[in-house]
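Keep in mind the model is a prediction, meaning the values are calculated, not measured.
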Amino acid sequence: MRVKWILGVTVAVLLGVGWWLAFRSVPVPLPVPAAPSMSTQAVDAGVLEVVSPAETEADAGLWLTATLEGAHPFAGEARVGAAFVVEGDEGWWEEEKRQKALSIVGPSSLEDLANVREWMPAPATASSQGGVLGPVAVPPAPRYQVVAFEPDGTFWWADFVPGTSPKSGTLDAGVLRANRPTGVSVRLEGARDTEGTFSVRIERVVDPQDAERASALQPMLALANPDLGWALVNGTPVPLRPDADTRLAPLPPDRAVRLWLRAPSGREGSPVEVPLREGTVNPVTLDVARLFPEGVGRSVTLRGRVLLGGSDRSGGRMVSWRGGEEPVDADGRFTIPGVPTWSATRFNVYRGMEEDGRPEAPSMWDFDFTPTEAMQGVVDVEWRVPVYRWLVVRMDGFTRAQLKERAVPPYPVYLLERRDAQGLWSTVPSRKFVPEEDGLAVSLLEPGTYRVQVASVPYASRPSSVAQVGADDTTVDVRLSPAPSDGPSCEVHVTRRGGPVAGAMVLVGGKYRSMPPVRGETDSTGRWRMGPMTSDVLPMFVQGAQDEWEGDGAEECRRSGVIEVRL
């Protein structure tokens, strides 16, 4: 269904779920029963060769084990994650499977919907050619993920589905092959004369055909290097060593990785794309002079004061910006270090929760700091949060009752209008519309000539009287008169093949696109009574009897009072 004229407001719901933080949390281990009996023998100059645990009747619970295949004795850490299906997903999957929708797209099995809730440390014992992970106590689950890693980023992993649902015994995840880490080794050139620490921001460059596998590995790799994993997900810069290479591994095996070198001042250079080769740590040199042709930049300390209007009172409680936030003291003073001098910075002053009734000033206000090349050290600024003026719409009792009777929820709706130098009226934004006992208070931020449009429906509105608001005015009244009782009234008549269409949906707007449309439904005679119309345009959409109609009914409404819609 298309409705071209409806209020041009798009509501987008963005749902994002970040799981990787679970990798940094300390897991709560399950109660571990007595370990199964285990025999070992010494081989290869003291390295222990592990023999599979003997199963006895006394062994309780469920255990998981895996073999780590490698070229040398394993020297690292291991984790096991039990993966569970979220409640409700099983029913969804069964229904999709019944309708055969999953044969085209979606998970091929119910176990694919299982996610790891927590990662448990797992014992790992070295052998001459790798080692053995476990046995580790695990809860019964449809799926398990097993990962082991060494300090250089070499990792072993498995996505293990038991196939059955045992409650006790030993699960063998099989033989896990060693994977050499993928990554980059960053060398910094030309940074010795710059005070402070350079850092690098990392971004994945993903090929669609490889995205699924590489992204599935990312949570595992984040266990091996949590700081790098967090930087990859969150965009946090990684500090670089000035006198040695900085190793960024393991990374997901993507096509490439994009690096942004960041100077100690916070300034970022142009991005550098580095190709990746799975199982290899590629070297890359970041040249400071080439990436910062205009210099690495400097920063200043902003020493400021934020005041309310023309007074000496503090105008806020907190100053925030993209890089952080800073409190404001009782006198309105604040200090912000590290403000860049190579670009403008927008700061937001927060005053706190608004009080009831008419607030004194906006609860938040933005200020832009635009530096100059001459600025250095400490820069003093003074910001002033504007104070509201108020245009108050007064209505007598009869006008208020009439407006309430004619208004269709969510109406009445109010619009602030301002007259320009040519005498033309246009709508302007207002931050606050405050209902009061005998009318409405509308906030203003600057002097001018104003009025308020009051609408009971989108196609029927009338203006208040006009007021000139001066620089020294704090409150100015305007009045809203009663609507004429003998104004033109319209109705919509919907037919199909000469007969009335009952239950047809009718959407009607008006002159002001910011006002929401109203919705009506035709009765058994195919009619819907709109009521009075004052708008010079009347965009309409009608749907009924498996058909649609769209058009403007203003001319018919003015001419005959009936808008004929033939589906």
Side-chain angles (χ1 to χ4, degrees), residues 7 9 308-311 313 315-317 350-365 385-419 425-487 489 510-512 514-519 530-535:
L7 170 65
V9 176
L308 185 62
S311 72
R313 294 161 54 200
R317 297 182 181 180
Y350 173 66
R351 296 189 62 246
M353 299 296 292
E354 288 185 344
E355 58 271 28
D356 294 334
R358 300 182 194 176
E360 189 174 13
S363 60
M364 290 185 290
W365 195 255
V385 176
V387 175
Y388 281 142
R389 299 172 176 86
W390 293 95
L391 185 70
V392 182
V393 183
R394 305 289 185 187
M395 293 177 264
D396 59 29
F398 176 78
T399 304
R400 293 195 301 274
Q402 185 189 53
L403 182 62
K404 182 178 180 180
E405 179 185 354
R406 294 188 177 189
V408 176
Y411 289 82
V413 170
Y414 304 87
L415 288 179
L416 178 64
E417 293 185 316
R418 186 179 184 185
R419 189 165 61 194
W425 291 98
S426 60
T427 58
V428 292
S430 175
R431 288 178 170 246
K432 298 297 293 185
F433 289 86
V434 182
E436 297 185 340
E437 184 177 354
D438 62 344
L440 182 83
V442 183
S443 66
L444 308 175
L445 288 171
E446 57 185 353
T449 303
Y450 294 94
R451 71 183 185 186
V452 176
Q453 283 283 348
V454 182
S456 55
V457 286
Y459 47 83
S461 66
R462 61 188 189 278
S464 69
S465 59
V466 177
Q468 177 67 42
V469 180
D472 297 328
D473 293 326
T474 57
T475 302
V476 177
D477 289 354
V478 292
R479 299 204 66 82
L480 182 69
S481 302
S485 58
D486 56 350
S489 186
K511 174 181 178 181
Y512 301 98
S514 60
M515 289 187 179
V518 295
R519 173 175 175 165
M530 292 171 41
M533 183 201 74
T534 62
S535 176

Side-chain heavy atoms of [X] within contact of [Y], under 4.5 Å:
X      : Y      : result
Glu446 : Val428 : no
Trp390 : Val434 : yes
Leu391 : Ser464 : no
Tyr414 : Val442 : no
Tyr459 : Val518 : yes
Tyr388 : Arg358 : no
Ser514 : Leu415 : yes

Determine the minimum heavy-atom distance between [X] and [Y], stating which atoms define it.
X      : Y      : answer
Lys511 : Ser535 : N-OG, 3.2 Å
Ala460 : Thr534 : CA-OG1, 3.3 Å
Pro484 : Arg406 : O-NH2, 3.5 Å
Trp365 : Pro362 : CE3-CG, 3.8 Å
Ser489 : Pro532 : OG-N, 3.9 Å
Leu416 : Phe433 : N-CZ, 4.4 Å

Under 3.5 Å donor-acceptor pairs involving side-chain atoms of residues 465-475, not counting sequence neighbours:
from	atom 1	to	atom 2	distance (Å)
Ser465	OG	Arg479	N	2.8
Gln468	OE1	Thr449	OG1	2.5
Asp473	OD2	Gly470	N	2.6

Side chain to side chain donor-acceptor pair (under 3.5 Å) with [X]: which residues, sequence neighbours excluded?
X      : result
Arg451 : Glu417
Arg519 : none
Ser461 : Gln453

Does [Y] offer a backbone N or O that forms a donor-acceptor pair with the side chain of [X] under 3.5 Å?
X      : Y      : result
Tyr411 : Pro516 : yes
Ser456 : Leu403 : no
Arg400 : Met395 : yes

(request) Mind jotting down which residue pairs meet the salt bridge (Lys or Arg N to Asp or Glu O under 4.0 Å) criterion with at least one end in residues 459-468? Sequence neighbours excluded, please. (result) none

(request) Sorted by first residue and then second, give each salt bridge (Lys or Arg N to Asp or Glu O under 4.0 Å) pair with at least one member in residues 386-397; sequence neighbours left out. (result)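 Counting only pairs at least two positions apart or across chains, the salt bridge (Lys or Arg N to Asp or Glu O under 4.0 Å) contacts touching residues 386-397 are Arg394-Asp438, Arg394-Asp477.
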
(message) Rounded to the nearest 0.5 Å, what separates atom CZ in Arg317 from atom OG in Ser363?
(response)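 So the gap between those two atoms works out to 11.0 Å.
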
